[in-house]
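The block underneath contains the structure these notes are about, expressed in C-alpha cells.
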Amino acid sequence: MLDAPDTDPLNPPERTLMGPGPSEVHPRVLRIMSAPLIGHLDPAFIEIMNEVQDLLRYTFQTENRWTIPVSGTGSASMETAFGNLVEPGDTVLVPTNGYFGGRMESMARRAGGEVVHVDAPWGEPLDPDDVAAAFEVHDPDVFGFVHAETSTGVLQPNVSELTSIAHEHDAYVIADCVTSLGGVELRVDEWDIDVAYSGGQKCLSCPPGASPLTLNDRAMEKVLDRDTEVRSWYLDLSLLEGYWGDDRSYHHTAPITNVYALREALQLVAEEGLENRWERHREVAGELKAGLEELGLEMNSDDEFWLPSLNAVRIPDSVDDGELLAELQEKHDLEIASGLGDLEGEILRIGCMGYSAQRKNVEFVLSALEEALANQGYEA
Ligand SMILES: Cc1ncc(COP(=O)(O)O)c(C=O)c1O
C-alpha cells in the first residue's frame, strides 16, 4: 500500500495572464464551470450542443454544418483537421514562417502526407506570389497556413488571395485560427477557407479543453470519401459526426464542463458583437503597442502585419529574458512569455486576448515591464 502524498487543498496563485495563452477567463465562464454536470446525451445537453454550434458558426462567420468543438486543446482541433483531410500520399503545402507551420508539417507527415514548403522569414507573412509559385511546382492537395502566428506576432493578410490560388488548383485550405478567432477579423465563408480550427484559451478566454473546428461540405466530402481510415479513432470526423451530427449517438464522453465554458465564452462574444470585439482588441492592443514603443522596444514585425492579440517585441541586448520573466512573475504575478523556436531568446511575447484585453492590464504590463527592464540597467 502506497502512502497518500502529503498535499494540501489546491490554491493556485492569482496571475495576470498577458502571455500567448491562456488568457484570463471571464468570471461568468468560471462560474458556469461549477454548474452541475448533466449527461452527454441528456436532451438538455443536446440543446447546449446545438447552441454551441450556432455560436461557433457566428464566431467563425460561417454557415458550415460541420462546426464543432473538438475534445482537447487547440492541437486536437489542429490534428483533427490534418488527420482527416490528409490521406496517405497527399501532397501538403505548409509554411515555414513560424513555429506552428512546423507543427502542421509534423501532423501532416504523421497522417501520411508528403510535405512541401512555402517559405517566408519568421516575422513575415506568406507572400501570395510565393504561394502561387509553390502551387505551380508542387501541385499540393492540401494547403495549410497560420492566420495568426503566435510565435512571431504576425497576422497573415490577403487570406482570400491565398484561398483562391489553392482553389484554382483544386486544393483544400486549412487555416490555423487559434490566436485569431474572436479577437481579430476572420470571415471563414467570405474568405473561402475550407477548414478552420482554433482553441479556447486565446481570444475566447475560455479554459483549454474544447477546441473549435469548422469544415465546409467540400472538405467533409473529401473526409467521407477517404480510401483509408483516419489513423486516430478519437479524432475521426466520420465517427464524431455520429455525436455532433443528426444522430447524437455516443462516440466518447464530451468534456461537459468545457462545453459549458465554451458556450458561455461564445455567448459573451455574441453579446459584445464580433466586430466590436475585433475593434476592442485593436484599440487596447494598440495602446499596448504604443506603450512598448515608448519604452524604446522594437516590434518584431512590420506595422502592416501587426497581430493585436500577440505583440512580439525584440529583447534589448542588455536584457536577460529569463530573469525578466521571473521578476514579472515573482514580483508582480504577471505572465508574459519569451520566444519560441527560432525566436527563442530574441523576443518577448505579450498577449492581448479576450478578457485579458483590458486597459488596466495594459497599464499594469507597461509599468511592471518598465520597472523590470530598469532593474536590468535598461534605459528607454
Ligand atoms: C497558432 C497556434 N496553433 C496551434 C496551437 C496549439 O494549441 P494548444 O497549445 O491549445 O494545443 C497554438 C497554441 O499556442 C497556437 O498558438
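Here the structure is a predicted model, which is why all the values come from computation and not from measurement. When a ligand or atom number is given, it counts from 1 through the structure's own listing order.
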Contact atoms of ligand 1, heavy-atom distance to [X] under 4.0 Å:
| X | value |
| --- | --- |
| T179 | 16 (O) |
| T150 | 1 (C), 2 (C), 15 (C), 16 (O) |
| K202 | 13 (C), 14 (O), 16 (O) |

Heteroatom proximity flag, [X] to ligand 1, N/O under 3.5 Å:
| X | answer |
| --- | --- |
| S75 | yes |
| R103 | no |
| G74 | yes |

T67 and side-chain hydrogen bond (donor to acceptor under 3.5 Å, both in side chains): which partner among T62, T59, T214?
-> T214

Would you call the rings of [X] and [Y] parallel, tilted or perpendicular if under 30° counts as parallel and over 60° as perpendicular?
| X | Y | answer |
| --- | --- | --- |
| H251 | Y234 | tilted |
| H252 | Y243 | tilted |
| F82 | Y197 | perpendicular |

Between E63 and R57, is the closest basic N to carboxylate O distance under 4.0 Å?
-> no

Does R282 come within less than 4.0 Å of E279, counting only side-chain N to carboxylate O?
-> yes

For atom 5 (C) of ligand 1, grab the closest protein heavy atom and report residue, atom and distance to one decimal in Å.
-> F100 CE2, 3.4 Å

Nearest-contact summary for atom 10 (O) of ligand 1 - protein heavy atom, Å | Q201 NE2, 2.7 Å

Does ligand 1 have any atom that is closer than 4.0 Å to a heavy atom of A148?
-> yes

Is there a heavy atom in E149 that sits closer than 4.0 Å to ligand 1?
-> no

Under 3.5 Å side-chain donor-acceptor pair for N64 and N216 = no

